[in-house]
Amino acid sequence: ILQRPLLFRSFENILKYNLKLEIINIINIMRFASFLCVSLSDIHYMLGKGLKRKLEQEEENGVMKMSCPQEASPACYWLQRQTVLNLSLLKLHSRPGHTEPGLARWVLITNTLRRIQDVPAPQFFPSGVETHSEGSLTPVSGLEEDRHLFLCLSPSISRQQPPSSSVIKDSFTSALAEIEDLCPTVGITTLFSTEMGPSSLSDSAQSLFGHTPPLLADFSLDDFLLTEIDSLLFDNVPCGSSLSGSSGASKVISMVTDDLVKTLAGYGNGGISQSALPSNQTFKLDLNELDHIMEVLVGL
Amino acid sequence: MDGDGEGQSRWCLSQVKGAVDDDVAEADIISAVEFNHSGELLATGDRGGRIVIFQQEQESKSLPQCRAEYNVYSTFQSHEPEFDYLKSLEIEEKINKIRWLPQKNAAHFLLSTNDKTIKLWKISERDKRPEGYNLKEEDGRFRHPSSLTTLRVPVFQPMDLMVEASPRRVYANAHTYHINSISVNSDNETYLSADDLRINLWHLDFTDRSFNIVDIKPVNMEELTEVITASEFHPLQCNTFVYGSSKGSVRLCDMRASALCDQHSKLFEEPEDPSTRSFFSEIISSISDVKFSHSGRYMMTRDYLTLKIWDLHMESRPVETYQVHGYLRSKLCSLYENDCIFDKFECCWRSDDSEVMTGSYNNFFRMFNRDAQQDVTLEASWENGSPGCPLKPWRVCTGSRRKRNEIGVDCLDFSRKILYTSWHPQDNVVALATVNNLYIFQEKPN
């Protein structure tokens with residue numbers, strides 16, 4: 001009887017901090033998505049009326065150009081790989097409207113995704129992302145079965161999807177809106193939607209605890225593509241249902257807290273900057289905000 | 001460069017058609033441009049399903065420098081938006097392709113298609129009407145026979161010219177996927193229509209049946225990796241046609257070989273260059289247009305960055321490759337993001353096959369002289385230069401611009417693109433469409 005409340009509390013905390021880990025991971029990706037910010041704003045200018053902007057500054061910095069050759073920099077290649085992956089998934093999700101989507105376009109995007117899958121993810125993991133020593137994998141790996149967790153939390157809403165009564169989804173959407181305020185980039189929904197695939201979460205775990213890059217290292221692309229996105233997104237898998245308590249929970253918690261402090265301390269003022277250097281692309285997100293988001297997410 | 005020094009090209013702006021304001025209605029966006037076989041008529045189709053035909057006026061003596069102008073001849077609504085009740089999806093009325101039939105009598109015939117339905121239109125002139133009926137008044141009221149005292153023979157009286165367009169055939173319900181090409185056979189009796197996975201052969205006279213001649217639909221749709229993107233009949237051999245695919249290959253088929261031409265007779269494919277390999281290699285290799293030369297000896301293919309000329313006798317590689325806008329190679333990721341990488345550019349041959357032309361972004365179009373191995377970049381713009389004034393060639397540079405008529409890659413406007421082009425079958429007149437304007441350029445006679 002004495003143990004039960006302890007178990008519950010640790011269970012609760014595990015859930016909370018596991019989700020925080022994921023959000024940290026996502027934040028790291030968002031840092032690299034800042035390069036998307038630069039190119040996206042340029043594209044907006046390109047498509048705008050009469051407004052043209054030169055990219056000389058970015059080209060001078062040249063550190064993280066959009067399409068560097070693979071040999072030049074593994075980090076650059078990794079970034080491009082992720083970018084193309086994000087864009088492809090975003091395109092596959094978005095429905096053009098009332099007319100039938102073109103088959104040719106679908107085939108080309110799908111083949112691009114297959115090509116990304118065939119090319120192995122580089123071993124190099126971009127610097128600046130916090131890595132942890134090997135710790136207990138149980139809490140996060142416990143989420144492996146909840147592969148739909150982030151799918152159902154994904155806000156990549158298309159118009160044809162039926163409204164969900166999931167409380168989690170709604171609160172996540174508002175939490176997302178908060179994050180979007182902090183980081184004005186179009187790529188956010190993309191990023192969340194890339195957290196998909198059966199083994200993506202375990203890979204993410206490895207990325208934090210190991211050295212392999214996160215996200216979609218290998219998963220069955222065909223499975224993914226075949227599955228009805230709608231049904232996936234609204235699978236109301238209760239979060240944390242398959243989590244099991246672990247005696248190593250407290251150890252994980254303390255590690256995570258350290259990491260949290262270290263990571264978040266590195267964040268300063270965000271926003272689009274002219275420079276392409278990663279160290280300048282930071283987001284303002286302090287611990288309180290993260291806690292707030294967590295509360296909203298899981299109602300804790 | 002074509003033309004003298006750094007100054008001028010041989011081409012000058014002849015006319016601009018369409019509204020010149022910035023506010024473009026979606027329905028007015030031009031989606032097809034095609035000269036007829038004599039060059040007298042120029043047809044354009046738009047996203048609103050309308051076709052506008054321009055006719056070249058007779059040569060005017062007062063302006064010997066300029067060739068005759070094109071003026072509106074006929075306007076009609078070719079296709080209407082439809083609704084597919086089974087799939088709950090709209091079928092766009094946008095005109096995908098227009099192809100003229102060779103003229104056999106006084107009337108003109110053209111085929112126009114949207115995503116699902118092909119129509120044969122007859123455009124005819126009426127400049128006389130019968131007058132003097134016995135039982136009908138001039139205003140149309142009927143006369144009672146008992147009121148007649150004399151009989152007269154009706155006669156034809158001249159009237160104002162009226163151009164009528166009437167649909168003679170509707171070829172419907174033969175395509176599950178979106179039609180991307182139609183091509184009239186040299187036998188003038190049949191034509192083909194191609195969608196993403198199938199090509200059908202029609203006889204012009206029969207709308208209730210068509211023959212499927214190519215079917216690349218896999219048994220399991222999840223295994224689909226390639227679609228048909230363009231198709232054309234050979235200009236001289238009525239049994240030969242080609243189709244291009246999204247993987248950058250072109251297949252030539254002979255209809256005499258078998259009823260179903262799934263087995264190609266020739267496969268034109270260039271091996272991928274490993275040094276330029278990227279995530280987008282396949283997308284940019286997708287064939288957006290395929291056109292036979294007038295001679296029938298060569299074939300031109302357009303993919304996203306290049307124009308390739310193939311000798312039909314050699315399948316292994318093209319005989320000529322022209323870079324249309326190679327400076328975009330480093331921008332492919334951005335172009336993927338804004339969907340420009342999926343733009344399908346058309347291309348066309350000059351009447352004697354010595355030059356080819358295609359469109360680009362920023363309202364630029366490119367002309368490649370095969371004999372002289374020269375190319376030029378020109379801009380379709382009504383702001384710069386007046387009609388009759390020779391166009392100045394442009395240069396796209398990777399750094400910041402240094403001189404006039406130079407523009408940096410990053411300053412290009414990707415919302416202004418020239419996808420549709422057509423070359424007059426005899427004269428050196430080209431017609432091309434920007435988003436909502438039709439431009440006609442002609443070559444300065446030397």
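Here is how names work: the chains are called A, B, and so on, in the same order as the sequence lines, proteins then strands, and each is numbered from 1.
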Check each atom of B/L197 against the heavy atoms of chain A and say whether the ones under 4.5 Å are side chain, backbone, both or neither.
side chain

Distance-only polar pair, side chains of B/S112 and B/S78, donor-acceptor under 3.5 Å:
yes

Taking atom types as modelled, find out whether B/K403 and B/N405 have a side-chain donor-acceptor pair closer than 3.5 angstrom.
no

Examine whether an atom of B/T229 lies under 4.5 Å from a heavy atom of chain A, and if so say whether it belongs to the side chain, the backbone or both; otherwise answer neither.
neither

Going by the side-chain contact (heavy atoms from CB on, under 4.5 Å) test, name the single residue among B/I179, B/N96, B/N180 that passes it with B/D115.
B/N96

Do you see a donor-acceptor pair shorter than 3.5 Å between the side chains of B/N200 and B/N212?
yes

Region of B/K94 that comes under 4.5 Å of a non-hydrogen atom in chain A
neither

Need one label for B/F342: side chain, backbone, both or neither, based on atoms under 4.5 Å from any heavy atom in chain A.
side chain

Applying a strict 4.5 Å limit to non-hydrogen atoms, the region of B/Y177 in contact with chain A is side chain

Structural part of B/D84 lying under 4.5 Å from a heavy atom of chain A:
neither

A/N111: which residues meet the side chain to side chain donor-acceptor pair (under 3.5 Å) condition with it, sequence neighbours left out?
A/R114, B/E282

